[in-house]
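This report refers to the structure that appears directly beneath it.
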Amino acid sequence: MDAFIAEYDVLDRARTLAQSYLQGVPTRHVGGTATPAALHAALGGPLPEHRQEPAAVIEQLARDTDAGLVATVGPRYFGFVTGGAIPVTVAADWLASAWDQNGAMYVMSPAVAVMEDIVSGWLVDLLHLPRGCSVGFVTGCHMANFTGLAAARHEVLRRAGWDVEARGLQSAPRVSVIVGDEVHVSAVGALRMLGFGTEELVRVPVDGQGRMRADLLPGALESVNGPAIVCAQVGNVATGASDPVGQIIDLAHAKGAWVHVDGAFGLWAAAVPELAAQVEGVERADSWATDAHKWLNVPYDSGLAIVADPAPHRAALSLKASYLQRGDEEERVGMDWAPESSRRARVIPLYALIRALGREGIASLVRRNCALARRMAGRLSGQRGVRVLNEVVLNQVLVQFAGAGTDPDDTTRDVIARVQAEGTCWAGGAIWQGRQVMRISVSNWSTTEDDIDRSADAILRCHRDAIA
Ligand SMILES: *Cc1c(COP(=O)(O)O)cnc(C)c1O
């Protein structure tokens, strides 16, 4: 064995560096500060020809990435919907890496296979979904959408007498896919990979908060014949609003359509008693896609594909080969439920999270973020020239900034750029119903009221500077 490679002390060094990073996160500039050229210069160079001391590699890694890191694990990162990583989940993730288990099959890691079964049951319980759902542990909600929609494609075609896994899509009966006009790009991307083009989608108009108009769904369902899939959304990426999913499911099921729900972060409303009404009826859908790496604050990569009936889920994804020792019915075959073969044991941090927080802790994490989003909206909306454009029903706040005689779109873009450069917090931009907005997503476990107040002050300062 090569003693040089077998240097385990390097793990201690990584732990020290990680801890010092995490301790510094609350006070560091939230956005990245390096230029691409500076990062290339620090991290690049010609292909290394010779070995280097592992400790030196780790030191260099920590040093040269630093200015290019974004403090997404910190309390004042409000970009996208990212969540952070609760320390216990990071620790569990380290163990998952150290153990380097493969989640593909029981024989490759009995512990991981059993943990996946256990966490599947816990998740279904937490989200109040039907018992007996199958769960695939995938990279993110994008692949969770792919998985749920692959199961949908299988089942609606099976009912039409067509085996899509054997016979393909090219001569199959036509499958119609109905989406809300505010469908997330990732669901569209997943549909594209499954053979459904963007121009083939039947789009149902949305209301002022981005919710699919259930009153217009019957017309869309009438306009299509044969196998159909309806793709609903809980948790619009801009407003946080959820489609009237119970009504959508009833209408779609009456027409024999499969309902898939994209709930990357919004599905967690189902785990909080006072928010559950926003997703009323969601448990009657056929498949759900969500993330643990967003609102549950486990490290990337952690998406969850859940299907009410395991049969189409497995039929759409499972693989067989003579050398794959799939085991008997007692043993979980992880690769039956995810569009991957070899796969990181990504269940481990999620297992640790659920053990550490429990049902109550998870609900309070989501609840607290929603209260903080309302606080942010309250701090901003009273101010001259500042408007909150959405109903703050979850963790999302959309803000528009104006100045005397200027175009609010320009002013808003200017404020966003100033906030990102100033570094107290980080928020991104989006176009919402034709208007430039600042998009603030509160999804980090460590955010406090003080973080919200400091961030609101920084944002308002940037607005004053922008219009001065
Ligand atoms: C983030 C998001 C996705 C994509 O999830 P990833 O985890 O980035 O793959 C899909 N749908 C919605 C509504 C999202 O917010």
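Note that ligands are numbered from 1 as they come in the structure, with each ligand's atoms numbered from 1 the same way. The residues of the chain are indexed from 1 along the displayed sequence.
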Using a 4.0 Å cut-off to any heavy atom of Phe265, which atoms of ligand 1 qualify?
15 (O)
Does Arg375 pair with Asp453 as a salt bridge, N-O distance under 4.0 Å?
yes
Is Asp66 paired with Arg28 through a side-chain N to carboxylate O contact shorter than 4.0 Å?
yes
Atom of Arg359, atom of His128 and distance for their closest heavy-atom approach:
NH1-CE1, 4.2 Å
Does the plane of the ring in Trp122 sit parallel, tilted or perpendicular to the ring in Tyr351? Use 30° and 60° as the thresholds.
parallel
At a 4.0 Å threshold, what atoms of ligand 1 neighbour a non-hydrogen atom of Asp291?
5 (O), 6 (P), 7 (O)
Contact atoms of ligand 1, heavy-atom distance to Lys294 under 4.0 Å:
1 (C), 2 (C), 3 (C), 4 (C), 5 (O), 14 (C), 15 (O)
Number the atoms of ligand 1 from 1 as they appear, then name those within less than 4.0 Å of a heavy atom of Val237, with their elements.
13 (C), 14 (C), 15 (O)
Identify whether the distance between the nearest side-chain nitrogen and carboxylate oxygen of Asp125 and Arg131 falls below 4.0 Å.
no
Of all the atoms in ligand 1, which lie at a distance below 4.0 Å from a heavy atom belonging to Gly140?
7 (O), 9 (O)
Is there a nitrogen or oxygen of Asn145 sitting under 3.5 Å from a nitrogen or oxygen of ligand 1?
no
Any nitrogen or oxygen of Cys141, main chain or side chain, under 3.5 Å from a nitrogen or oxygen of ligand 1?
yes
If we only count N/O pairs under 3.5 Å, is Gln233 in contact with ligand 1?
no
Do Glu340 and Arg346 sit within salt-bridge range, that is, some charged N less than 4.0 Å from a carboxylate O?
yes
Identity and separation of the nearest protein heavy atom to atom 11 (N) of ligand 1:
Asp262 OD2, 2.8 Å
Taking the basic N atoms (NZ, or NE/NH1/NH2) and the acidic carboxylate oxygens, is any pair closer than 4.0 Å for Arg158 and Glu165?
no
Distance under 4.0 Å to a non-hydrogen atom of His293: what atoms of ligand 1 satisfy this?
7 (O)
Using a 4.0 Å cut-off to any heavy atom of His142, which atoms of ligand 1 qualify?
4 (C), 5 (O), 6 (P), 9 (O)
Testing the basics here: between Gln420 and His29, what is the closest heavy-atom pair and its distance to 0.1 Å?
O-CE1, 3.4 Å
Given that the side chain starts at C-beta and the backbone is N, CA, C, O, which of these parts of Met143 lies under 4.0 Å from ligand 1, counting heavy atoms, or is it both or neither?
neither
